[in-house]
Amino acid sequence: MQRPIIGFHTDRAGDWVAELDCGHGQHVRHTPPFMERPWVTSAGGRESRIGQSLDCVRCDAAELPEHFVAYRRTAELTADTLPDGLRRGHSTRAGVWAKIQVREGRVRYCVDERGTAEELSPGVDGVVVPQVVHHLELLGPVRLQVEFYRDPAR
């Protein structure tokens with residue numbers, strides 16, 4: 001999944017890591033002859049890459065960034081109280097992840113952009129990747145909550 005670069009930092013070994021708007025980091029080494037990225041060696045070169053996209057395989061795997069923290073949770077939702085907006089295609093904004101936590105019953109979590117669906121039930125949460133269109137289909141009576149996560153530094 002393509003994600004824009006929003007900044008850079010170095011890791012413990014001194015290698016450059018691109019900070020992506022999803023919250024993940026990706027190494028951007030210049031190690032000729034294996035990897036040619038001379039732009040990473042200068043502040044101007046790195047600055048010129050802000051806004052450009054890199055493929056984030058951790059978003060593809062729906063991996064919630066480890067350092068993200070929960071900051072909000074919906075009230076408990078049922079078939080009667082689930083907002084219509086959650087039943088049709090919608091997404092979170094850049095940098096906002098979510099977990100769909102089913103307390104009782106079953107829900108089909110459909111990721112529209114990928115054409116995939118998975119069944120959620122108690123103990124089987126759905127991870128919502130930022131800016132990825134998805135919707136929920138209830139499979140009978142249900143109780144669920146949605147918990148939202150973000151980078152505590154932003």
If you compare all heavy atoms of [X] against all heavy atoms of [Y], which two are closest, and at what distance to 0.1 Å?
| X | Y | value |
| --- | --- | --- |
| Cys59 | Arg114 | O-NH2, 3.4 Å |
| Ala79 | Leu138 | CA-CD1, 3.5 Å |
| Leu139 | Val107 | CD1-C, 4.1 Å |
| Ala98 | Tyr149 | CA-CD1, 4.3 Å |
| Leu20 | Cys56 | CD1-CB, 3.9 Å |
| Gln2 | Ser53 | OE1-CB, 3.4 Å |

Set out, in order, the CA-CA distance, both residues' side-chain angles and the distance that settles salt bridge (charged side-chain N to carboxylate O under 4.0 Å, His left out) for Glu147 and Arg73, then state yes or no. CA-CA 4 Å; Glu147 188 167 51; Arg73 176 182 280 184; 2.9 Å; yes
Aromatic ring centroids of His134 and His90 under 6.0 Å? yes
If only atom types and distance count, is the side chain of [X] paired as donor or acceptor with the main-chain N or O of [Y] below 3.5 Å?
| X | Y | value |
| --- | --- | --- |
| Arg46 | Ser42 | yes |
| Thr74 | Val146 | yes |
| Asp151 | Phe68 | no |

Please tell me whether His24 and Glu63 have a donor and an acceptor in their side chains that are separated by less than 3.5 angstrom. no
Do [X] and [Y] have side-chain heavy atoms sitting under 4.5 Å apart?
| X | Y | value |
| --- | --- | --- |
| Glu137 | Cys110 | yes |
| His9 | Glu19 | yes |
| Gln101 | Arg103 | yes |

Hey, could you give me the [atom1]/[atom2] distance between [X] and [Y], rounded to the nearest 0.5 Å?
| X | Y | atom1 | atom2 | result |
| --- | --- | --- | --- | --- |
| Leu136 | Ile100 | CG | CD1 | 4.5 Å |
| Gln26 | Phe8 | CD | CZ | 10.5 Å |
| Arg154 | Asp21 | CZ | CG | 9.0 Å |
| Leu77 | Arg143 | CG | CZ | 11.0 Å |

Examine [X] and [Y] and state if one hydrophobic cluster contains both, with Ile, Leu, Val, Met, Phe, Trp and Tyr joined whenever side-chain heavy atoms are less than 4.5 Å apart.
| X | Y | answer |
| --- | --- | --- |
| Leu54 | Ile50 | yes |
| Leu64 | Val69 | no |
| Ile6 | Val17 | no |

Within 6.0 Å of CD in Gln52, more than 12 heavy atoms from elsewhere: yes
Side chain to side chain donor-acceptor pair (under 3.5 Å) partners for Thr81, two or more places apart: Thr78
Regarding Arg88 and Asp112, does a basic nitrogen lie under 4.0 Å from an acidic carboxylate oxygen? no
cation_pi(Arg29, Trp16) dist<6.0 Å, angle<=45: no
Just list the side-chain donor-acceptor pairs under 3.5 Å for residues 118-133, sequence neighbours left out, or say none.
from   : atom 1 : to     : atom 2 : distance (Å)
Glu119 : OE1    : Arg106 : NH1    : 3.1
Glu119 : OE2    : Arg106 : NH1    : 3.1
Gln131 : OE1    : Arg3   : NH1    : 3.3

